[in-house]
**Q** 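Starting off with a structure, shown below.
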Amino acid sequence: MIHIDQKEHTTQDGTKVIVLAPTGRLDITTAWQFRLKLQECISKLSRHVVVNLGQVNFIDSSGLTSLVAGMRDADKVKGSFRICNVHPEAKLVFEVTMMDSVFEIFEAEDEALEGGVRAS
């Protein structure tokens, strides 16, 4: 079971953004739950999602796959899918798999919410 904190943010231009912050491991045992949560948020709440990975200290290929699927879902409905605050231990996985160039990754949640400049 994975704990996913969920909150809603409204940007200055009135866009509703859902912020999801999973805690713990995003791996083969939890990725499907996270995937379902992403699907539900994008289809029912808002097509704009920010995933805060500050509390995820481990991510594997299933975790990455759930993130890619979420990004595709958001793309399909012309939404946005951003990741922020990647835990240092999880960051390596993004770099090794070159996923850091696939996703919009921001240092901080407020930057991701306001659609600021991507973190390099």
Side-chain angles (χ1 to χ4, degrees):
M1 190 68 190
I2 187 171
H3 175 76
I4 305 165
D5 193 44
Q6 177 181 332
K7 63 185 183 189
E8 205 172 283
H9 174 86
T10 306
T11 61
Q12 288 168 340
D13 63 4
T15 306
K16 184 163 79 168
V17 181
I18 302 297
V19 180
L20 294 178
T23 300
R25 296 167 65 93
L26 202 48
D27 59 18
I28 188 112
T29 58
T30 57
W32 62 275
Q33 290 167 301
F34 186 60
R35 168 85 186 96
L36 289 174
K37 184 74 171 168
L38 281 171
Q39 257 179 331
E40 181 190 334
C41 287
I42 293 165
S43 64
K44 297 189 174 123
L45 302 172
S46 171
R47 58 181 194 220
H48 302 287
V49 175
V50 169
V51 179
N52 185 327
L53 293 179
Q55 298 302 312
V56 173
N57 57 4
F58 178 84
I59 188 164
D60 71 1
S61 58
S62 339
L64 283 176
T65 303
S66 67
L67 290 169
V68 169
M71 182 177 66
R72 287 201 182 124
D73 286 349
D75 281 350
K76 275 183 214 156
V77 291
K78 307 268 186 288
S80 62
F81 187 86
R82 298 184 172 132
I83 295 173
C84 67
N85 203 9
V86 179
H87 193 285
E89 289 170 37
K91 204 171 212 152
L92 188 63
V93 176
F94 281 90
E95 289 164 3
V96 168
T97 56
M98 312 275 292
M99 283 295 176
D100 55 344
S101 60
V102 172
F103 292 112
E104 277 193 87
I105 300 178
F106 296 82
E107 290 294 323
E109 190 175 297
D110 55 350
E111 289 173 23
L113 287 168
E114 294 306 329
V117 182
R118 286 173 69 150
S120 52

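Just so it is clear, the model here is predicted, and its values are computed rather than measured.
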**Q** State the CG-OG1 distance between Leu26 and Thr65, to the nearest 0.5 angstrom.
**A** 10.0 Å
**Q** Give a yes or no on whether Ile18 and Val77 share a hydrophobic cluster (residues Ile, Leu, Val, Met, Phe, Trp, Tyr; joining criterion: side-chain heavy atoms under 4.5 Å apart).
**A** yes
**Q** Specify the closest pair of heavy atoms between Ala31 and Ser66, including all atoms of both residues, with the distance to one decimal.
**A** O-CB, 3.7 Å
**Q** Please report the closest heavy-atom contact between Gln12 and Glu114, naming both atoms and the distance.
**A** OE1-OE1, 4.0 Å
**Q** What pair of heavy atoms forms the shortest contact from Ala69 to Arg35, and how long is it?
**A**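 Here Ala69 and Arg35 meet closest at CB-NE, 3.1 Å.
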**Q** With Thr23, which residues qualify under side chain to side chain contact (heavy atoms under 4.5 Å, CB included), at least two apart?
**A** His3, Gln55
**Q** With a 4.5 Å heavy-atom cut-off, do Gln6 and Leu45 have their side chains touching?
**A**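 A side-chain contact under 4.5 Å exists here.
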**Q** Does His9 use its side chain to pair, donor to acceptor, with the backbone of Val17 at less than 3.5 Å?
**A**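 Here the side-chain-to-backbone pair does not exist.
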**Q** From Ile59 CD1 over to Leu92 CG, what is the distance, rounded to the nearest 0.5 angstrom?
**A** 12.0 Å
**Q** I would like to know whether Leu67 and Phe94 meet side chain to side chain contact (heavy atoms under 4.5 Å, CB included); could you show each step before the answer?
**A** CA-CA 11 Å; Leu67 290 169; Phe94 281 90; 3.7 Å; yes
**Q** Quick check for you: to the nearest 0.5 Å, what is the distance between Ile105 atom CD1 and Arg82 atom CZ?
**A** 12.5 Å
**Q** Does any part of the side chain of Val93, heavy atoms only, come nearer than 4.5 Å to the side chain of Phe58, both counted from C-beta?
**A** no
**Q** I need the minimum non-hydrogen distance between Phe34 and Pro22, along with the two atoms involved.
**A**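 Heavy-atom minimum between the residues: CE1-CG, 3.8 Å.
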**Q** Taking the side chain as every heavy atom from C-beta outward, state whether Val51 and Leu38 have any pair of such atoms under 4.5 Å apart.
**A**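 Yes. Closest side-chain heavy atoms under 4.5 Å.
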**Q** With a 4.5 Å heavy-atom cut-off, do Ser62 and Asp27 have their side chains touching?
**A**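 Counting from C-beta outward, Ser62 and Asp27 never come under 4.5 Å.
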**Q** Using 30° and 60° as the class limits, which term best fits the ring planes of Phe103 and Phe81: parallel, tilted or perpendicular?
**A** tilted
**Q** How about Met71 and Val102: do any of their side-chain heavy atoms sit closer than 4.5 Å?
**A**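 Sidechains of Val102 and Met71: in contact.
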**Q** Report, as yes or no, whether the 6.0 Å neighbourhood of atom CD1 on Ile28 holds more than 12 heavy atoms from other residues, nucleotides or ligands.
**A**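 No - once you tally the heavy atoms of other residues, nucleotides and ligands closer than 6.0 Å, there are 12 at most.
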**Q** Measure the CD1-CG distance between Ile42 and Asp75 for me, rounded to the nearest 0.5 Å.
**A** 9.0 Å
**Q** What's the separation between atom CG in Leu53 and atom CD in Glu109, rounded to the nearest 0.5 Å?
**A** 11.0 Å
**Q** Can you measure from CG (Leu113) to CG (Asp110) and round to the nearest 0.5 angstrom?
**A** 7.0 Å
**Q** I'd like to check the side chain to side chain contact (heavy atoms under 4.5 Å, CB included) partners of Asn85; sequence neighbours left out, ordered by chain and number.
**A** Asn52
**Q** Restricting to non-hydrogen atoms, name the atom on Arg47 and the atom on Ala74 that form the minimum distance, rounded to 0.1 Å.
**A**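 In this case the closest contact between Arg47 and Ala74 is O-CB, 3.8 Å.
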**Q** Restricting to non-hydrogen atoms, name the atom on His48 and the atom on Ser80 that form the minimum distance, rounded to 0.1 Å.
**A**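 It is ND1-OG, 2.8 Å.
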